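Because the structure is predicted, anything quoted here is derived from the model rather than measured.
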Amino acid sequence: MTQKRIRVRFAPSPTGPLHMGGVRTALYNYLFAKKHGGDFILRIEDTDQGRFVPGAEDYIIEALKWCGIEPNEGLGFGDGPYAPYRQSERKPMFRQYAEQLVSSGHAYYAFDTPEEMDALRKQAESNKQTFSYDARTRMQLQNSLALSEAEVKQRMDNGMAYVIRLKVPQGESIIINDLIRGEVVFQSDIVDDKVLLKSDGMPTYHLAHIVDDYLMKITHAVRGEEWLPSAPAHVLIYRYLGWESDMPQLAHLPLLLKPDGNGKLSKRDGDRLGFPVFPLDWNDPFTGEKSSGYRERGYYPEAFVNMLAFLGWNPGTEQEIFSLEELCAHFSFEHIHKAGAKFDPEKAKWFNEHYLRTTESSELGAHIKSDVQQTFNIAEDNRRLSADYLTKAAELLKPRVQFEHEMKTTGAYLFQAPDTYDETVVAKKWKPELRPFFEGLQAALAALPAFETAHIDETIKSTAASFNLKPGEIMQLLRVIVSGQGGGVDLLGMIELLGQTEISERMTRALSRIGQ
RNA sequence: GGCCCGUUCGUCUAGGGGUUAGGACAGCAGAUUUUCAUUCUGUAAACAGGGGUUCGAUUCCCCUACGGGCUACCA
């Protein structure tokens, strides 16, 4: 017997931007598929016409691409043999399965209107109870089980709206074998008669995902924990459709929780706590509200993915830095933690910092070029935009930033002469007697035949010695004179990088302003 | 309320009947760095509580507490 080819899917509904929790679900699906040489499919579950949000679908596709977790089949990634991958386009097909369940006595037509259902729920609520459409109540309601055949026919003939509901049996134990949680047992009595086909002819998630998973030969359904309570209904549907032996293995992932307090991570938390909850920026087409994404905040996709992978999973070793390929190789459901994970923005930054440090300075230099050019309005042929200059600047700045875009602010003085000089340092260290020294140093530096750190260092020391000054008295001032700031990148490296001419100009300018 | 899932340092987690309960982030301290950052070293910090089972439980079982999810013609 040959093993079935592993096929998994990520099946979001296009009701808004993809949340980082959703990206993690996609990631785990992807990792599992790749690990076993299987397929990863993107299917859009747009069965709720009322919640459709323009742009959400493109957002999902773009987000997966940015993360590098590309489906090898599905919407936006090339059709496989099971197209279409948008459920609304598969609409006509679902009805037959719902009807099949009616014929076999496992589902029925129900004519109760949404308003009537609402009223029943409210009424139950006022009695501190919960209304449930199930074996205990269905015979008192308006459906093909309670009504006579003639009544049902008449209503159908009159074009009365109806839904198809699953007829859930009483007194059965339904066992879920979850890959992460093990065996979970539910009593069928607490499962309600879920709507399978809505009055607009669209299937609900419950029917649609099962039919599609079956037709698309999905072997594992990896999804959020919020689906665990409806899993018994899903098992019943598979059983009644005669597909139980082909039912995908279930794996319910733990949820992502708010960094502070309680509850699951939501869109609001990002705004409130100042970190993104979305992979990419998103502008809500209805409210105009903007939400920021990891990409635009300057995160590397590799860092984002690495961080996400560790929110609920671990390799069982102490290694924390994993490329996507390594994650694929090491991933397994056994190492998925069962409890929800509070998201820690600090750790996310740490991952990014790590990836930045391991990126070649030449690459970093190339990355920041246009940003630097625009920020400081530098002419294209200026040496500060040369690969060599940018590489050295990145090298100096690398250990002091977490994001590439911070380089232009943290190291602004490498690209632009200062306008102001740190007053605290000047007040503390400057003495009029130092002026001749700095003028002497300026001349000595200008006269250096080779402007390199070793010579610069030597020149500073010897000039200081000749003025009877100790390094502690002049070094920080020199830094302020050159960069305007009391702290920053390696002083000698900075001086060498800025170059002989620039240094001389900056010293002239600073000495004309300081201590006047 | 009902049903289900869960609970190890502040956070992410490893571990698992006998361990000095390990790592990472964040914190603190020290060293290096003329500064800041880096780097290095060190340090503090956890098995929710109560009952069992057992020679022994943080680990297995039960209860409680707490957290979370679900309870729609949403997914």
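Aromatic ring centres of Phe351(A) and Tyr299(A) lie farther apart than the 6.0 Å criterion allows. Taking the six-membered ring for Trp, His234(A) and His209(A) have ring centres closer than 6.0 Å. Within the 6.0 Å centre-distance limit, the rings of Tyr294(A) and Phe304(A) are counted as a close aromatic pair. Aromatic pair Tyr238(A)/Tyr240(A): ring centres not closer than 6.0 Å.
Separating the P atom of C60(B) from that of G6(B) is a span of 12 Å, rounded to the nearest Å. Here the separation of A75(B) from U39(B), taken at their P atoms, is 49 Å to the nearest Å. Atom C1' of U8(B) sits at a distance of 30 Å from the matching atom of G2(B), rounded to the whole Å. Comparing the C1' positions of G50(B) and A14(B) gives a spacing of 27 Å, expressed to the nearest Å. Nucleotides A44(B) and G10(B), compared at atom P, are 15 Å apart to the nearest Å. Taking the C1' atoms as reference points, G23(B) lies 16 Å from U43(B), given to the whole Å. Remark: the separation of the P atoms in G67(B) and A31(B) is 45 Å, to the nearest Å. Going from the P atom of U32(B) to that of A37(B) covers 15 Å, rounded to whole Å.
Although no hydrogens or angles enter the test, the distance criterion places no donor-acceptor pair under 3.5 Å between the side chain of Thr459(A) and the main chain of Ala444(A).
Comparing Gly316(A) and Ala161(A) along RNA chain B, the residue whose closest nucleotide (by nearest heavy atom) sits nearer the 5' end is Gly316(A). Closest-nucleotide positions on RNA chain B for Val184(A) and Trp227(A) were compared, and the one nearer the 5' end corresponds to Val184(A).
Within the structure, every side-chain polar atom (N or O) of Thr410(A) is placed at least 4.0 Å from both OP1 and OP2 of A37(B). The shortest distance between the side-chain N/O atoms of Lys349(A) and the OP1/OP2 oxygens of A24(B) is not below 4.0 Å. Close to C73(B), at under 4.0 Å from its OP1 or OP2, lies no side-chain N or O of Lys194(A). Side-chain nitrogen and oxygen atoms of Arg357(A) include none within less than 4.0 Å of the OP1 or OP2 phosphate oxygen of U38(B).
Atom NZ of Lys167(A) has 12 or fewer neighbouring heavy atoms from other residues, nucleotides or ligands inside a 6.0 Å radius. Summarising the local packing, CD of Glu423(A) is surrounded by 12 or fewer heavy atoms from other residues, nucleotides or ligands at distances under 6.0 Å. Annotation for Glu334(A): atom CD does not count as buried by contact number, only 12 or fewer foreign heavy atoms lying within 6.0 Å.
You won't find any donor-acceptor pair under 3.5 Å spanning the side chain of Arg181(A) and the base of C5(B), going by distance alone.
Between the CE atom of Met494(A) and the P atom of A37(B) there is a distance of 16 Å, given to the nearest Å. We find that CG of Leu197(A) is positioned 9 Å from C1' of C73(B), with the value rounded to whole Å. Separating the CD atom of Gln49(A) from the C1' atom of C74(B) is a distance of 13 Å, rounded to the nearest angstrom. At whole-Å resolution of the value, CD in Glu318(A) and C1' in G22(B) are 6 Å apart. Straight-line distance from the CG atom of Leu228(A) to the P atom of U71(B): 13 Å, rounded to whole Å. Atom CG in Asp422(A) sits about 16 Å away from atom C1' in U34(B), given to the nearest Å. Rounded to whole Å, the distance from CD1 on Ile495(A) to C1' on U35(B) is 13 Å. What separates CG of Asp457(A) from P of U33(B) is a distance of 13 Å, to the nearest Å.
Shown for residues 472-487 of chain A: residues whose heavy atoms fall under 4.0 angstrom of RNA chain B, namely Met475(A), Gln476(A), Arg479(A), Gly486(A), Gly487(A). Listed by residue number, Arg121(A), Thr130(A) are the residues of residues 117-130 of chain A with a heavy-atom contact under 4.0 Å to RNA chain B.
In summary, Asp48(A) and Arg51(A) engage in a salt bridge, as defined by a charged side-chain N under 4.0 Å from a carboxylate O. The existence of a salt bridge linking Arg357(A) and Glu353(A) is confirmed by a sub-4.0 Å separation between a basic side-chain nitrogen and an acidic carboxylate oxygen.
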List, with names and distances, any nitrogen or oxygen atoms from the protein found under 3.5 Å away from nitrogen or oxygen atoms belonging to nucleotides 11-13 of chain B.
residue	atom	partner	partner atom	Å
C12(B)	OP1	Lys342(A)	N	2.7
C12(B)	O2'	Phe310(A)	O	2.9
U13(B)	OP1	Gly312(A)	N	2.8
U13(B)	O3'	Asn314(A)	ND2	3.1

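In this structure, Arg165(A) forms a cation-pi arrangement with Tyr133(A), its terminal cationic atom sitting closer than 6.0 Å to the ring centre and no more than 45° off the ring axis.
The partner of A26(B), taking Watson-Crick or G-U wobble pairs whose two distances both stay under 3.5 Å, does not exist in any strand shown.
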- request: Take Trp313(A) and Tyr28(A) through the ring-ring contact (aromatic ring centres under 6.0 Å, His included) test and state the conclusion after the steps.
  value: CA-CA 9 Å; Trp313(A) 172 86; Tyr28(A) 286 1; 7.3 Å; no

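Here the side chains of Tyr97(A) and Ile237(A) are not in contact, with every heavy-atom distance at 4.5 Å or above.
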